[in-house]
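Here the structure is laid out as structure tokens; the discussion comes afterwards.
The analysis underlying the following values was restricted to heavy atoms, covering all of them including side chains, and did not include hydrogens, waters or symmetry mates.
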Amino acid sequence: KMQKYLLYNSVEPEDLPTLRELSTMEICKVWSGMSRYIYRQLLQKTAVEIGVGTFAVIPVHVSVEGGKVLPVERPMFILNKPLKMFYNLESDETKIPDGMPVVQPDFEEIAAETHFRHEIVEQCVQETLLCFAGALRDNKEVEFSFR
């Protein structure tokens, strides 16, 4: 599934039929549903793999006042290793904790919540990720904001 995001060529408008049909508002609505789905999974200590990487809650240690170190859990997005290598990206080596379940997005559930057909939700997400991969390929700056 991840292979389709390893791009040798630029992403062309014809690669994005669903995004071209949807308004910006509708695309945001789909991703907002996706964001809520991911949030619910993270609350249950479940990681969500979305093709280009995985959202997970990672235990880390944070230094606080007085030289104390506190264990906290941090939600993180971990880019897939083959993608990092393919696009020659650098980032800290973060591992998903052993025993943490990893799921794919449940497009049916997200669709029911956002009132879109599940095919539309799935294609919207995949085409957005294709755009993301295209930006990585062309060395463009990308900003994705999740609540």
From Leu22 atom CG to Lys29 atom NZ, the distance as rounded to the nearest 0.5 Å: 11.0 Å
Less than 4.5 Å apart, side chain to side chain, heavy atoms only: is that true for Arg137 and Phe86? no
Which side-chain N or O atoms in residues 53-73 pair as donor and acceptor under 3.5 Å with protein atoms at least two apart or in another chain?
residue: Glu73; atom: OE1; partner: Lys45; partner atom: NZ; Å: 3.1

Minimum-distance pair of heavy atoms, taken over all atoms of Leu7 and Gly134: CD1-N, 3.5 Å
With rounding to the nearest 0.5 Å, note down the distance linking CG in Leu83 to CG in Asn88. 12.0 Å
Less than 4.5 Å apart, any side-chain heavy atom of Glu26 and any of Ser23? yes
Identify, with sequence neighbours excluded, every residue that meets salt bridge (charged side-chain N to carboxylate O under 4.0 Å, His left out) alongside Arg74. none
Let me see the working for Phe77 and Thr94 under side-chain contact (heavy atoms from CB on, under 4.5 Å), right down to the final yes or no. CA-CA 9 Å; Phe77 179 71; Thr94 308; over 6 Å; no
Counting distance only, does the side-chain N/O of Glu127 pair as donor-acceptor with the main-chain N or O of Thr18 below 3.5 Å? yes
Look up atom CG in Leu130 and atom CD in Gln123, then write down how far apart they are to the nearest 0.5 Å. 12.0 Å
Over 12 non-hydrogen atoms of neighbours within 6.0 angstrom of CD in Glu21: no
In chain order, what residues pass the salt bridge (charged side-chain N to carboxylate O under 4.0 Å, His left out) check against Glu119, with sequence neighbours excluded? Arg117
Inter-residue atom distance Ile27.CD1 - Leu19.CG, 0.5 Å rounding: 4.5 Å
Would Phe132 and Thr128 count as a side-chain contact (heavy atoms from CB on, under 4.5 Å) if you check the C-alpha gap in whole Å, the side-chain angles of each, and the deciding distance to 0.1 Å? CA-CA 6 Å; Phe132 175 69; Thr128 308; 5.9 Å; no
Lys84 and Glu93, any side-chain heavy atoms less than 4.5 Å apart: yes
Common cluster, Leu129/Val103, ILVMFWY with side-chain heavy-atom separation under 4.5 Å: yes
Looking only at non-hydrogen atoms, find the nearest pair between Val121 and Phe107 and report the distance. CG1-CD2, 3.7 Å
For Leu42, is there any backbone N or O sitting under 3.5 Å from a side-chain donor or acceptor partner on Thr46? no
Smallest separation among heavy atoms of Tyr37 and Val48, with atom names: CE2-CG1, 4.2 Å
Under 3.5 Å donor-acceptor, Glu49 side chain and Gly51 backbone: yes
Atom CD1 in Ile50, atom CD1 in Ile38: separation rounded to 0.5 Å? 5.5 Å
Give, for atom CG of Asn80 and atom CG of Leu89, the distance between the pair rounded to the nearest 0.5 Å. 11.5 Å
Is any side-chain heavy atom of Arg36 closer than 4.5 Å to a side-chain heavy atom of Thr114? yes
Any non-hydrogen side-chain atom of Leu136 less than 4.5 Å from a side-chain atom of Val52? no
Side chain Asp138, main chain Ser10, donor-acceptor under 3.5 Å: no
Would you call Glu113 and Arg40 a salt bridge, using N to O less than 4.0 angstrom? yes
Are any of the side-chain heavy atoms of Pro101 and Gln44 separated by less than 4.5 Å? no
Would a line drawn from the ring center of Tyr87 to the ring center of Tyr5 be shorter than 6.0 Å? no
Pro105 vs Ile110 side-chain heavy atoms within contact, under 4.5 Å: yes
